[in-house]
Structures are given as structure tokens and as C-alpha cells.
Number of protein chains: 2
Amino acid sequence: MIESEPSPNGAAEAESSSRKRVVIGDVAARAGVSKSAVSFVFNNRSGVSASARERILRAADELGWRPSARARALSRSHAQAVGLVIRRDPELLSTDPFFPQFMAGVEIGLTAHDYSLVLQVVADEQSERAAYHRFADASRVDGVFLTDVRIGDTRPQDARELGLRAVVIAPEDAASDDGVAIGMNDSDGVRRAVHHLHSLGHRRIAHVMGAPMYVHTEARRRAWREALVDLGLPVGTVVTADFTGASGARATHELLDLPEPPTAIVYGNDLMAIAGVSAATDRGVRVPEDLSVVGFDDIPLAPYALPPLTTVRQNVVAWGTAAAQTLVALVEGRQPPTVRLPPVEFVVRGSTGPTRDRRHA
Amino acid sequence: MIESEPSPNGAAEAESSSRKRVVIGDVAARAGVSKSAVSFVFNNRSGVSASARERILRAADELGWRPSARARALSRSHAQAVGLVIRRDPELLSTDPFFPQFMAGVEIGLTAHDYSLVLQVVADEQSERAAYHRFADASRVDGVFLTDVRIGDTRPQDARELGLRAVVIAPEDAASDDGVAIGMNDSDGVRRAVHHLHSLGHRRIAHVMGAPMYVHTEARRRAWREALVDLGLPVGTVVTADFTGASGARATHELLDLPEPPTAIVYGNDLMAIAGVSAATDRGVRVPEDLSVVGFDDIPLAPYALPPLTTVRQNVVAWGTAAAQTLVALVEGRQPPTVRLPPVEFVVRGSTGPTRDRRHA
DNA sequence: CACGGCGATCAAACCGGTTTGAATCTGCCG
DNA sequence: CGGCAGATTCAAACCGGTTTGATCGCCGTG
């Protein structure tokens with residue numbers, strides 16, 4: 001009823017210059033063909049002569065017409081959109097360097113196929129289930145990404161039952177048995193961290209884990225353990241934390257309180273590592289002279305920490321793009337391409353150094 | 001053609017146990033009414049008797065039916081979705097603590113009204129324009145958020161011409177003349193920072209700006225300047241940076257190279273501030289003994305920086321929620337509610353301290 | 001008892017595309 | 001010159017809801 005649109009063409013020809021939305025019929029009429037022909041051209045299907053195709057494209061261009069995603073979604077029973085549900089306490093979300101980069105990567109993969117990304121941020125498990133249900137029942141999306149995979153996570157099956165295609169984002173070696181998984185090799189980065197510390201003379205290497213319910217937490221812990229075993233070093237102490245700065249600081253104090261404290265600590269992420277440095281410094285333990293520290297993520301601040309943080313960098317953007325390509329292939333019924341992800345990088349900065357005896361040598 | 005769905009009900013009753021999608025007609029049939037009646041109930045419109053309503057709700061529940069967002073979007077010419085375009089170099093995106101929190105807040109506001117958020121991450125201006133066009137032409141969304149507003153930004157008008165409702169996210173005092181703006185008071189935080197430094201005895205207070213094209217960058221600079229003038233202090237040096245750590249470090253060196261270097265620096269964000277501390281430390285300038293530093297954002301790492309960072313905290317989640325409520329009201333043609341946002345907080349930590357003469361006094 | 005008004009009900013039109021099936025139009029061959 | 005395969009073309013059905021307009025019953029009123 002109330003139209004706030006200004007009428008751009010005041011006293012012009014009243015008939016053809018109506019300011020209504022341009023629809024496929026208008027294009028067809030202007031090109032002198034049927035709606036079907038227009039539709040065929042815009043879905044590049046054969047069955048339209050070159051001359052007709054030309055007229056149609058010109059007409060569409062002149063009218064500035066593009067097929068409505070709404071109508072298209074309905075008639076093809078296909079939303080041309082995929083969903084990402086992020087389950088995280090809103091306040092803690094900005095802690096995590098993963099999601100922004102992952103989403104950016106996903107976009108690259110999606111835009112290439114003209115898909116949209118529908119986002120949902122939820123706080124707890126119940127809202128998360130509800131979110132997937134809404135996605136499926138309302139047919140808003142054709143598929144979903146499953147991130148932050150937990151041990152024993154049932155979402156892959158849940159998604160299938162809801163009729164949603166899914167790709168699971170998890171470290172390579174945690175690749176689940178069912179559902180298409182795409183993963184990067186977390187383990188490799190941790191392994192390299194341990195080898196680096198070993199080469200600097202460290203023998204008591206501890207680990208501060210993130211929240212234990214996630215498969216990537218466990219993957220990193222296992223990689224740390226296996227690297228120690230491979231090198232013939234004693235398996236050091238593990239402290240469970242939860243990826244927050246506070247937990248990293250607390251875990252660090254625990255480790256330094258041990259009768260034989262470690263000379264190096266591998267943390268599950270950069271935030272805990274930096275908080276750990278802060279905790280160590282508070283009690284007079286110097287980094288890297290008395291304690292070497294390795295993080296994980298290479299957040300933008302890592303080079304500016306004091307000392308600059310040695311850490312592991314993954315190409316999360318590439319990961320997102322690969323995940324998107326896989327999911328699109330999946331919902332379109334194609335065989336997903338086999339993707340090769342760039343290898344993990346290990347970035348040596350100032351927070352790791354030789355042990356005391358090495359320095360004297 | 002190729003259906004990879006397993007057939008869940010092999011030899012069951014062929015007729016009623018079809019595995020097709022449940023549609024409104026099925027619900028209507030089961031309740032013994034017409035489609036219209038079902039539609040009326042699910043859009044709580046009058047014109048359905050209590051008994052019929054009851055039967056309909058029961059039937060829908062038993063069948064697990066929910067209206068398809070696709071069909072609904074088409075027939076109501078309304079996508080029940082809004083868009084957010086983020087223009088940022090993917091690699092730099094994780095630098096910014098704003099977006100994750102903002103999106104989380106937006107979700108809170110949207111889910112309450114059952115709207116979806118469609119995201120688009122783009123790298124440059126051209127793709128950004130294209131993204132808004134795709135949103136509008138394909139009718140994927142009903143409205144958009146405009147963030148990272150630039151000086152002389154034409155997007156509010158652009159959006160209007162495309163027929164998209166828009167809410168502009170910008171600091172309060174930069175609230176644009178056209179389009180509905182919702183903003184928080186950046187200035188207040190900066191003002192409080194300057195007053196805090198003044199009370200510690202500082203008189204030479206410099207400012208490291210972020211990228212100058214943004215209105216919020218300018219708002220913060222102006223607030224810094226006005227606070228100095230109000231306090232009768234000389235207007236210090238401003239260095240232009242771009243919100244990255246590298247630029248913050250460089251700007252800090254520039255300031256400390258001055259013949260009369262500042263005793264305090266107010267930075268446009270925490271990342272630059274922490275990089276600034278790192279730069280100062282590198283050249284033997286101690287924080288806070290020789291130099292006081294204030295950031296902006298209160299990123300999760302701020303308490304764990306060395307020294308812990310004094311900074312300004314905004315409730316970005318609340319901001320997002322308010323923006324979402326406003327946008328939904330707008331696209332539904334209602335008067336947007338007037339929102340009161342929580343005030344900015346100023347968090348004093350260890351990176352600011354009294355000047356040398358104050359300490360001796 | 002006729003009539004106006006109101007709530008409940010439903011068939012049909014509509015939203016803007018895609019897809020199907022039949023009609024029409026070639027060109028080519030026997 | 002008849003017949004036929006293959007390419008174009010289009011009208012009509014369809015996707016799954018919402019909305020309109022007409023019909024029907026029922027009640028209270030003059």
C-alpha cells in the first residue's frame with residue numbers, strides 16, 4: 001500500500017515504463033520469444049537458435065533483468081545456498097582467528113558458483129540443533145559445513161537424516177568414517193614444533209591442550225605425544241585448558257609449579273601461549289631464556305608479542321575454499337574434486353631458544 | 001536422474017508412506033480443511049475457528065511440517081533474510097575483533113524474528129558493488145547492513161536505488177543524513193582515555209590513527225583532538241596508520257624519533273597499540289615507565305599483553321542486536337525502535353602510568 | 001419472516017521462475 | 001515429392017506457499 005519508492009520517470013510513457021519489477025515475461029516479450037526460451041538461455045541449455053539467444057541476451061541486458069533467486073529456488077527445489085552454524089559464546093567468538101578466515105575462504109569458493117552463505121551463530125547445543133532443523137525444514141540451504149567437530153559428534157548423521165549434504169571440517173587424521181570430510185594436517189605442525197624444540201636441546205616438553213571435547217584438540221595432543229616418542233624423549237606433562245587466555249595462564253602456573261618444570265611448552269593455540277608467557281613473566285621466568293613457548297594459529301598479533309611468538313600457521317583461507325568447492329559439488333550431485341591443501345608452515349620467532357646448557361656450550 | 005538417496009522404507013505400504021516432502025496440502029487434507037486455512041493459522045491471521053486451528057496444528061505437528069522458506073519467499077515477495085557484505089582482504093580479516101562479535105549480535109536480533117543472515121566477504125570495491133547488486137537483483141535479501149562506512153560513502157544511496165533497506169553502522173556523531181543509522185559513541189571512549197592520561201600527568205599525548213578513509217577513524221581522531229583542547233593541553237602529533245600491527249610499529253617509531261617525543265600515545269585499535277609497545281620496547285623505551293599506551297577494542301589478548309593493555313571496550317554484540325532489530329523493523333515497514341546502547345567502558349590496565357615527575361612527587 | 005452482517009471456509013489466482021510435451025519448421029534422403 | 005530426423009519454439013503444468021473474492025451458515029433485528 002504505502003510505497004516509498006520515488007517514481008523515477010514522471011510523465012513518461014505511462015504504459016511500458018511501469019516501475020514494477022522486471023520479470024522473465026518482459027524479457028521474453030521484448031525479444032519476441034517465449035519464457036521458456038529465456039529460461040533456456042539463462043541456464044545455458046541447448047535448443048535456442050543463435051539469433052534468438054542473441055536477441056534474448058540483448059533484451060535482458062537492456063531491461064537489466066536477472067532471474068530471481070526466490071523463484072528459481074522454488075521451481076528447482078534448490079536454494080543455491082549453503083549454511084554455516086557457529087556454536088560459540090558470542091563474547092568468546094572474537095577470540096578465534098579461525099572463523100573469519102574460514103568464512104572468507106568459503107566465500108571465494110562459493111561466489112565462483114554463485115552460491116550464497118547463510119550464517120547462524122548460536123550459543124548452546126540446543127539452539128544448534130534447532131538451527132540445523134530450521135535450515136532443513138524451511139529448505140533455506142542445500143548443504144552445511146560442520147565445524148568444531150566434537151568427539152562422538154552426531155551431526156554428520158543428523159544432517160543426513162535432515163536431507164542436508166554436509167562436509168565435515170576436521171583435522172585430516174580425524175576424518176570421520178561417514179560423510180565427506182575435508183581436513184588439514186594439524187599434526188604435522190605440532191610434530192615440527194616438537195622437533196624444533198628437540199633440536200634446541202629441550203627434553204622436558206609439556207603440552208597445554210585446548211578444550212578436550214574437540215577432535216582437533218585431541219589430534220594436536222596425540223601429535224605432540226607421538227613426536228616425543230619418536231624422538232625418544234620422555235612424554236611430558238599435559239594440562240587440560242580450554243583455549244582461553246585465562247586457562248592458558250592457569251595451566252602455565254601449574255606446569256611451572258611442578259618439582260621438575262618443563263623447559264618448553266607447546267600450546268594448543270596462540271592465545272593460551274601468549275597468556276602463558278605473561279604468566280611466566282609474572283613469576284620471573286624469562287622467555288625464551290628459561291622457558292621456550294610455541295603457539296598454534298599465527299594470529300596477527302603473534303609477531304608483536306613480547307617476545308614474538310614461535311607458532312604454527314595453517315592456510316585457513318585455502319581450507320575454506322576447498323571446503324566450499326567440495327560442498328557445492330556434493331549438493332549438485334557431482335563427484336567432489338580431490339583437493340590438495342598447502343602444507344602447514346612452522347614460523348620460528350623469538351619465544352623459542354636453546355636450553356641453558358646449549359647456550360653455555 | 002541419479003538418486004543417491006537410500007530408500008528408507010523398502011516394502012512398506014507404497015501409498016501413504018511416500019518419502020516425498022510434506023507440503024501444505026498434506027496438512028490440509030489430514031486436518032480436513034483447505035490450504036488457505038492452514039496458511040492462515042501459520043500466519044496467525046483470523047478467520048479460522050478454534051476447533052479447526054486445533055486440528056491443523058495437530059496435523060502439522062504429526063506430519064512434522066513447516067512452511068518452506070522458498071515458497072514463502074516467492075509468494076510474499078519477501079526473502080525473510082538480510083545481508084552483510086564484508087569488504088576486507090581475507091588475510092587481514094582475522095585481525096578485526098569487530099565482525100565476529102557484531103555478527104553474533106546480529107544473529108540474536110535476527111533469530112528472534114526468524115530472519116536469516118546471508119554473508120558475503122569480498123576483497124575490493126568492485127566485488128563489493130557486484131555483491132550488493134546480486135543481493136538486490138536476485139532478491140536474495142530484503143535489506144543490508146552497511147559497515148566500515150567510508151567518508152563520502154555512496155552505499156546508502158546505492159542501496160536505496162537498488163530497492164534494499166539499509167542500516168548504516170557508524171559512530172554516533174557520524175550518523176549520516178540519509179538512511180537509518182545506528183551507532184555507538186566511539187568518541188566517548190577516546191575522550192575518557194585522554195582524560196585518564198591527563199590525570200596521570202601527561203601533557204604530550206599523541207595519536208596513531210587507523211586507515212583514514214573510514215568515518216570511525218576520523219571520529220576517534222576528532223575526539224582525541226577535542227579532548228585535548230578541552231583540557232587546555234597542546235594538540236599532539238597525529239600519525240596516520242592503517243590498523244595493522246606493522247603500521248602501528250612504524251608509527252610508534254616515528255613518534256619516538258621526534259625531538260620532543262610524546263609521553264603517551266592513544267592508538268586507533270589494540271593491534272596497533274600492542275605492536276607499538278613492542279616497537280618501543282625494542283628501542284629501550286619502557287611501558288609504562290617512559291611511555292603510556294592506550295588501545296581501542298579490548299581484544300581477548302589485551303589482558304595478557306606485556307604490560308596488560310589499557311583500552312576502550314564497546315559492547316559490539318549489543319550493537320549488532322540493535323542493528324538487526326532496526327533492520328527487521330525497516331524491511332517490515334514498521335517504525336524502528338529507538339535503541340539505547342550500553343555505554344562505552346574504559347578499562348585501565350598496566351600500560352598506562354603516571355609520568356616521571358608525578359612518580360617522584 | 002425477510003434481511004443485513006459477520007465469521008468460517010474454500011477454490012482459484014498469483015508469486016517468477018523451470019521443465020515437460022507437443023507442435024512446427026526446417027533440411028536431407030530415397 | 002513424400003517422409004522423417006533433428007532442431008526450434010511455445011503453451012501449459014509445476015514448485016509450495018500466500019492472498020483474494022465468492023459462497024455458505026448462522027444469528028440478531030426490524
Side-chain angles (χ1 to χ4, degrees), chain A residues 1 18 20-56 59-60 63-81 114 136-140 142 163 332, chain B residues 1 18 20-57 59-60 63-81 114 134 136-140 142 163 332:
Chain A
M1 213 60 59
S18 116
K20 283 207 59 201
R21 192 175 205 299
V22 181
V23 297
I24 194 171
D26 303 338
V27 178
R30 177 176 259 255
V33 298
S34 70
K35 296 198 304 174
S36 337
V38 179
S39 174
F40 278 20
V41 168
F42 273 76
N43 292 285
N44 31 11
R45 289 175 42 160
S46 62
V48 181
S49 67
S51 74
R53 151 174 270 104
E54 169 114 1
R55 289 203 313 280
I56 290 170
L63 264 43
W65 178 80
R66 223 182 287 198
S68 150
R70 299 210 259 258
R72 192 180 252 250
L74 179 59
S75 57
R76 305 215 313 195
S77 308
H78 186 287
Q80 191 93 345
D114 203 33
D137 294 350
S139 317
R140 255 193 213 277
D142 305 313
E332 295 188 343
Chain B
M1 211 62 59
S18 117
K20 283 207 61 204
R21 191 175 206 298
V22 179
V23 297
I24 193 171
D26 304 338
V27 178
R30 178 176 260 254
V33 298
S34 71
K35 296 199 304 174
S36 337
V38 179
S39 175
F40 279 17
V41 168
F42 273 77
N43 291 286
N44 29 13
R45 290 174 43 159
S46 62
V48 181
S49 67
S51 74
R53 149 173 274 104
E54 168 114 3
R55 288 203 313 279
I56 291 169
L57 287 174
L63 264 44
W65 178 80
R66 223 182 289 199
S68 148
R70 299 211 259 260
R72 194 180 250 250
L74 179 58
S75 57
R76 304 215 313 193
S77 310
H78 187 288
Q80 192 94 343
D114 203 32
R134 264 203 307 281
D137 294 351
S139 315
R140 253 190 214 280
D142 304 314
E332 295 189 342

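As the structure is a prediction and not an experimental result, all values here were calculated from the model. In what follows, every chain begins at residue 1, and chains take the letters A, B, ... in the order their sequences are listed.
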Gap between atoms CG and P, on A/N44 and C/dT18 respectively (whole Å): 11 Å
Earlier contact from the 5' end, DNA chain C, for A/R72 and B/S75: B/S75
Donor-acceptor contact present, side-chain B/R70 to main-chain A/S139, <3.5 Å: yes
Value rounded to 0.5 Å, distance of CG in B/L74 from OG in A/S75: 8.5 Å
Taking every non-hydrogen atom, the tightest pair across A/Q80 and A/D142: N-OD2, 2.8 Å
Student check: side-chain heavy atoms of B/R76 and B/N43 closer than 4.5 Å: yes
Whole-Å distance separating the CD atom of B/E54 from the C1' atom of C/dA8: 17 Å
Phosphate-side-chain proximity, B/R21 and D/dC15, N/O vs OP1/OP2 below 4.0 Å: no
B/N43 or A/L74, whichever maps to the more 5' nucleotide of DNA chain D: A/L74
Whole-Å distance separating the CD1 atom of A/I24 from the P atom of C/dT19: 11 Å
Helix axis bend for the helix from C/dC1-D/dG30 to C/dG30-D/dC1 - C1'-based end axes, five pairs, 10° rounding: 70°
side-chain N/O A/R66 vs C/dG17 OP1/OP2, d < 4.0 Å: no
Proximal nucleotide (of C/dC15, D/dG16, C/dT20) relative to the B/S68 side chain: D/dG16
Spacing between B/R76 atom CZ and D/dG16 atom C1', to the nearest angstrom: 14 Å
Interatomic spacing from OG in A/S46 to CZ in A/R53 - rounded to 0.5 Å: 9.0 Å
Separation of C/dG17 P from A/L63 CG (nearest whole Å): 12 Å
Atom pair OG (B/S49) and CZ (B/R55), whose distance is rounded to the nearest 0.5 Å: 6.5 Å
Minimum side-chain heavy-atom gap A/F42-A/I24 below 4.5 Å: no
Atom-to-atom span, CZ of B/R45 to P of C/dC10 - whole angstrom: 15 Å
Contact pattern, 5' to 3', of nucleotides 4-11 of chain D - B, S or - by protein heavy atom under 4.0 Å: ----SBBB
Test item: B/R21 and A/S77 side chains (from C-beta on) under 4.5 Å apart, heavy atoms: no
Euclidean distance, atom NE2 of residue B/H78 to atom C1' of C/dC14 [Å, nearest integer]: 18 Å
Distance test, side-chain N/O of B/W65 to OP1/OP2 of D/dG16, below 4.0 Å: no
Exercise: identify the closest heavy-atom pair between B/V38 and B/W65: CG1-CZ3, 4.0 Å
